[in-house]
Amino acid sequence: MPLIYEIMAKEITARAEDYSKWYLDIVKKAGLADNSAVRGCMVIKPNGYAIWEKMRDQLDRMFKETGHVNAYFPLFIPKSFLSKEADHVEGFAKECAVVTHHRLMNNPNGSGVVVDPGAKLEEELIVRPTSETIIWNTYRDWIKSYRDLPLLINQWANVVRWELRTRPFLRTTEFLWQEGHTAHATKKEAEEEAHLIHEIYARFAEDYMAMPVIKGAKTANERFAGAEQTYTIEALMQDGKALQAGTSHFLGQNFAKAFDVKFASDNNIEDYVWATSWGVSTRLVGGLIMTHSDDAGLVLPPRLAPMQVVIVPIPKPTPSILEVAQRIESQIKALGISVKIDMDEKKRPGFKFAQYEMEGVPIRLGIGQRDIDKGVIEVARRDERTKSFVSIEGVDRYVKQLLDDIQVNLLYRAMHFRDDRTSFVDTFDEFEKVLEGKGGFIYAHWDGTSESELKIKEKTKATIRCIPCDNPSESGKDLISGKPSNQRVLFAKAY
RNA sequence: CGGGGCGUAGCGCAGUCCGGUUAGCGCACCUGGUUUGGGACCAGGGGGUCGCAGGUUCGAAUCCUGCCGCCCCGACCA
């Protein structure tokens, strides 16, 4: 009979009290990231980086399984490159860090160093906010023939976007991501590529992050700067706001034309190549936190938890307890599960329990002499905050199964939450009422014009998150204009 | 860049209005002891250019001037 245990989260602000503070508390208390000396930039600490590494490794596998390879392009982009694609420069110009000099010198008027005016760069360099331009400038040299296509390249990198307001993981000035940049001989193939990646992102979100997402296309307003079409996965956070968790763009021939990338087809006809680009970032870590965590701290899905099981000797690691603990540890390890025994003799069990709960370790095994005498061990699952005793014999298989159960349960729970916070409305009044009330996703009719979309944004701060894929057609009237619409689109306030 | 708030030990704060011994508290840290099934207790200890610079004063964390930084709220964004 599982027992629900009380959480004493004395170090974490409750969600209901201050959601934003709750988020920051978790980032801090779970040891995910720190603020840094540089405004807007965070230090990703080992616990946080380990989660990103797990995400990265899995995504990397998925990209490679579908024929992609990794490469690396420079951090710096010549300023002139950025302006070659008109929409692209317009989208990013306002948030670029610029390198103007290459040398410092001792301050002639005092202490410290100053920029050496004699070391001014002939052409200023932009710190990449994304790499389309430098990559397509390179692709021009790589692509001559249809035999060079498709070119399926991904890079893991950092980028800089000079945002005015930042939050750890969700929006930082510098962030880590992957950016795929592919080149294709036909429009159809490029579109398929964009869809394939869109699908991979959705699958990753649901199968690994246990974060349900709505797949859809962006409206023209929300599209990536320079894209013909942007596909997105949209997740719903616990405060009822949407998070864009990954985007895949069909770029048409825009960058090929801007950088003059042409190829000869098999019947020797020259044409511009077709492109895609796609990315997910450390923002996913923020999404992960806000999808599952509770007032006791971080909750991690087992598949992304750096440490899946922790064994806590109670009250401390005595030789006889340790002997059993180590046997269980090696059995669990043999099943490919990451596990550690907490050997710290100074801290008491209660402290450790609270600590591992804050850090989101999915399963905690508590083992004391009383348990050993009875042949049982205490198993606590983080997601449901329950404890129960199971037989030591076979606990390894029990734990393996429980990890799977937790993974499924988190997804199920998040889906339930999302469905609960999804509304269908037909009038603007209702729309506002829902936004002010429970928030969340709202399906409503839209006439397809930017005017209506912007008006709603202006009045309510809500935006069209996407036009869902496989959207059923349904006739109705636009919330604002009253003009006819043949489908509902997904609205929400967003991060 | 507009509006608001804050800078005192690693973190969180009191002290500032009304200037006056050696700047204080909680947490964390170190040492020793007693403890140990949900964040232990006792004793001892280390740690501070009171954001920076200038000024007023016999005397400044406290008053004045200037600067710097950070946080929150708005306009832009993965």
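A:Y495 comes within 4.0 angstrom of no nucleic acid atom, judged by non-hydrogen atoms across all strands. Residue contacts for A:T172: at a heavy-atom cut-off of 4.0 Å it reaches a base atom on one of the strands shown. Residue contacts shown for A:L243 are absent, as no nucleic acid heavy atom lies under 4.0 Å away. Here A:E163 lies in heavy-atom contact (under 4.0 Å) with a base.
Contact between the side-chain N/O atoms of A:K346 and the OP1/OP2 oxygens of B:C30 is not found at any separation under 4.0 Å. When the side-chain nitrogen and oxygen atoms of A:R348 are compared with OP1 and OP2 of B:G37, one or more of them lie within a distance under 4.0 Å.
If you check B:A78, B:G39, B:U36 against the side chain of A:R161, the one that comes closest is B:A78. Taking only side-chain atoms of A:F353, from C-beta outward, the nucleotide of B:G39, B:A78, B:G38 with the closest atom is B:G38. Relative to the side chain of A:R283, the nucleotides B:G74, B:G39, B:A78 differ in distance, and B:A78 lies closest. Proximity note for A:P315 (side chain, C-beta onward) versus B:A75, B:U36, B:G39: the nearest is B:U36. Counting only heavy atoms from C-beta on, A:K28 has its side chain closest to B:C11 among B:G39, B:C11, B:U36. Counting only heavy atoms from C-beta on, A:K461 has its side chain closest to B:A75 among B:A75, B:A78, B:G37. Among B:A78, B:G38, B:G37, the nucleotide with an atom closest to any side-chain atom of A:D371 is B:G37. In this structure, the nucleotide among B:G37, B:U36, B:G39 sitting nearest to the side chain of A:K316 is B:U36. Listed candidates were B:A75, B:G39, B:G37. Nearest to the side chain of A:A354 is B:G39.
A salt bridge between A:D294 and A:R385 is present, with a side-chain N of the basic residue lying under 4.0 Å from a carboxylate O of the acidic one. Under the 4.0 Å criterion applied to side-chain N and carboxylate O atoms, A:E199 and A:K215 are assigned as salt-bridge partners. Under the 4.0 Å criterion applied to side-chain N and carboxylate O atoms, A:E234 and A:K218 are assigned as salt-bridge partners. Between A:K64 and A:D60, at least one side-chain N (NZ, or NE/NH1/NH2) sits under 4.0 Å from a carboxylate O, which counts as a salt bridge. Under the 4.0 Å criterion applied to side-chain N and carboxylate O atoms, A:D383 and A:R381 are assigned as salt-bridge partners.
Comparing the P positions of B:G10 and B:G44 gives an interatomic distance of 24 Å, to the nearest angstrom. When the C1' atom is used for both B:C70 and B:A28, the distance is 23 Å, rounded to whole Å. With both ends at atom P, the span from B:C67 to B:G3 equals 15 Å, rounded to whole Å. Distance check on atom C1': B:C58 versus B:G19 gives 12 Å, rounded to whole Å. Using atom C1' as the reference point in both B:U8 and B:C13, the two lie 9 Å apart (nearest Å). Between B:C63 and B:U16, the two P atoms lie 9 Å apart (nearest whole Å). Only the C1' atoms considered, B:G12 is 29 Å distant from B:G20, to the nearest whole Å. Separating the P atom of B:A61 from that of B:A23 is a span of 9 Å, rounded to the nearest Å.
When the P atom of B:A78 is taken as reference, atom CD of A:E132 falls 12 Å away, rounded to whole Å. The CG-P distance, from A:L454 to B:C76, rounds to 10 Å in whole Å. In this structure, CG of A:N35 is placed 15 Å from C1' of B:G7, rounded to the nearest angstrom. For A:D25 and B:C71, the CG to P distance is 16 Å, given to the nearest whole Å. One atom, CZ of A:R385, and another, P of B:G38, lie 18 Å apart when rounded to the nearest Å. For the pair A:I12 CD1 and B:G12 P, the computed distance is 16 Å after rounding to whole Å. Rounded to whole Å, the distance from NZ on A:K457 to C1' on B:A75 is 10 Å. Regarding A:K29, its NZ atom lies at a distance of 14 Å from the P atom of B:C27, rounded to whole Å.
Within a 6.0 Å sphere centred on CD of A:E53, other residues, nucleotides and ligands contribute more than 12 heavy atoms.
If A:S281 and A:Q369 are placed on RNA chain B by their nearest nucleotide, the residue sitting closer to the 5' end is A:Q369. Of the residues near RNA chain B, A:E222 and A:S20, the one whose nearest nucleotide (by heavy atom distance) lies more toward the 5' end is A:S20.
In this structure, B:G24 forms a base pair with B:C13, meeting either the Watson-Crick or the G-U wobble geometry with both donor-acceptor distances under 3.5 Å. As the counterpart of B:A61, no nucleotide is assigned, since no Watson-Crick or G-U wobble pattern has both distances under 3.5 Å. Pair check for B:U31 finds B:A43; Watson-Crick or G-U wobble, both atom distances under 3.5 Å. As the counterpart of B:G19, no nucleotide is assigned, since no Watson-Crick or G-U wobble pattern has both distances under 3.5 Å. When Watson-Crick and G-U wobble pairs are counted only if both distances are under 3.5 Å, B:C67 pairs with B:G51. The nucleotide B:C1 finds its pairing partner in B:G74, both defining distances of the Watson-Crick or G-U wobble pair being shorter than 3.5 Å. Base pairing of B:G38 is not made with any nucleotide, judged by Watson-Crick or G-U wobble geometry with both donor-acceptor distances under 3.5 Å.
Between A:F224 and A:F92, the gap from one ring centroid to the other is short of 6.0 Å.
Side chain of A:S391 to main chain of A:E393: a donor-acceptor pair is present (N/O by atom type, distance under 3.5 Å, no hydrogens or angles).
Side chain A:E357 to base B:G38: a donor-acceptor pair is found below 3.5 Å.
The CD1 atom of A:I311 sits 5.5 Å away from atom CD of A:E329, with the distance rounded to the nearest 0.5 Å.
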